[in-house]
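I have placed the structure first, in the form of structure tokens, so that the comments after it can refer back to it.
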Amino acid sequence: MPEPTDGELIAASQTMPARFGEIFERHQAAVYRYLDRRIGAHHADDLVAETFVQAFQRRASYDSARLEALPWLLGIATNLLRRHWRDERRQLRAYARTGRDPVAEPMEEAVERADAQRVAPALAAALASLSKGQRDVLLLHVYADLTDAEIADALALSPGTVRSRLSRARAHVREQISDIGQ
Amino acid sequence: VDELEQLRRFRAGDDAGPDEARADRARAVLHRAIADAGARAGTARRGRTTTRARALAAAVTAALGVGAALLIFGSGDRNDGGDAAQLSALFSAGGDASYEPAASPAELASMLQDYPDLKGQLVARGTVAGFADGRTYVYPDDPPATPTVVMQISVDEVLLGDLPSESDGSVYVEFDSTSGSGDGLAQAFEESIPKGTETVVYLAPVDGDGPYPGTKIENDGAGHPPGQPLFRIFSPQGLYLADPGTGDVIQPGESTVFAGASLDELEPSARAFPPSEFDADISINEASPQGDAKQPN
């Protein structure tokens, strides 16, 4: 018997709420990784839980024809990040200024690749100077591997807006790191 | 290496995801939310008692919500045992339904009859005649609005109490919805509980002010004919439905199946419940009695 799709699980959870637990098991790691990379583990802990609780509460509005729920979940997570937007920008600026990622776990920092360390402050500066909308689109693309269409779905934007923001964000980052040896 | 590849490496760490302790904390928060929704829908099971200090009226009107009913009479998409076990654990962890479990139908009837400051209690046997979208409540401690669905039961026999003098021969039983939207609820409910399903119900009248003190009522009058009183199920133990496909009796509020039982055994005269089992995902299986349904009066 094939595994139910996310859409089928969420539809079933309308009448059998515990089925929503399977959505958590499928996607919590991906949601956590996205949030952790954006805001750090401390805030990610709370936001992962809040993302799934909000998703559970909103499940009646989920279109079960959408087979894959991860873009929807990441959209909720991204909306929750709004309250941490200034925190995120402050962290990125600190990273750019000091070369040390304020949200990195000690072990993670130790295993960072040398090339990443070299370019990371410039990347942090570039991300910090993006608008919130551009940063959301860019990081959903690179951290969560969402397509343009999935990002549009997640953030309730038109695909054209997503493409435009992504293009501008990439150009901005490219320009910011152009002085760093590749 | 272009800017996208650089960004993919940025803060990539070992990409291991959350450790188990972190996942457990988030999982627990979600499970509490799920369990709370289930408890609100009246799916808490026997053996757990009041943990939330609602008004006394809450016990009388412990809402057996649409969610609970659909849980039992659901889409036919049955879970396997693993899911059922998970569901059981969830609701055990989160139950806060405000009701005192009765040890027998007779005790349940006694509790209903003797409940303080309550008049117009009723135990009736009849058949499900249909569903309608009902009023909308805004509870003082639980906004936003909660839509309701009204189940019409054509009464065949009054087992305890009296039908109100203004009764048209049916009782109109109101259920909360936990879905947050009233659109299509009655239809969904009707598809899950076929017309003509035989039932025994233990009922308390709905006060004109709603189930809880301070409740704001919107679209008053929806879901039932003018002048007909509304009732609610008295505790999650107060609704029994005969499954024509299996010959079992189902008690949705506690996710309980009385295998091979007759509704006679759930009437107020019964001194013990029939043998039962918990099943988180039971449903009416087949042999819908549609067509045999009594028409609403």
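Since the structure is predicted, the reported quantities are computational estimates derived from the model, not experimental observations. Order of the sequence lines sets the chain letters (A, B, ...), proteins ahead of strands, with each chain counted from 1.
- Residue A:Asp145 touches chain B through its side chain alone, counting heavy-atom pairs closer than 4.5 Å.
- For chain B, the nearby parts of A:Phe52 are the backbone and the side chain; heavy atoms of each come within less than 4.5 Å.
- Checked by atom type and distance alone, the side chain of A:Asp6 pairs as donor or acceptor with a backbone atom of A:Ala69 at under 3.5 Å.
- Contacts between A:Ala124 and chain B at a heavy-atom distance below 4.5 Å involve backbone atoms as well as side-chain atoms.
- In this structure, B:Asn219 contributes its side chain and B:Arg135 its backbone to no donor-acceptor pair below 3.5 Å.
- Contact annotation: the side chain of B:Val201 approaches that of B:Ile233 to within less than 4.5 Å [non-hydrogen atoms, C-beta and beyond].
- Of all residues spanning residues 130-142 of chain A, those with a heavy atom less than 4.5 Å away from chain B's heavy atoms are A:Leu138, A:His141, A:Val142, arranged by number.
- Classification of A:Arg66 and A:Asp63 as a salt-bridged pair fails, no side-chain N sitting under 4.0 Å from a carboxylate O.
- Taking 4.0 Å as the cut-off between side-chain N and carboxylate O, A:Glu22 and A:Arg26 do not count as a salt-bridged pair.
- At a heavy-atom separation below 4.5 angstrom, chain B is approached by A:Arg170 within residues 149-170 of chain A.
- Between B:Thr136 and B:Thr148 the shortest side-chain heavy-atom distance does not fall below 4.5 Å.
- Classification of the B:Phe10-A:Tyr95 ring pair by plane angle, with boundaries at 30° and 60°, yields parallel.
- A donor-acceptor pair under 3.5 Å links the side-chain atoms of A:Thr5 to the main chain of A:Glu8, judged by distance alone.
- Two residues are said to be in side-chain contact when any heavy atoms from C-beta on lie closer than 4.5 Å; A:His43 and A:Asp45 fail this criterion.
- At least one cation-pi condition fails for A:Arg59 and A:Tyr62: the charged atom is not both under 6.0 angstrom from the six-membered ring centre and inside a 45 degree cone around its axis.
- A:Arg38 and A:Tyr143 form no side-chain donor-acceptor contact under 3.5 Å, judged by distance and modelled atom types alone.
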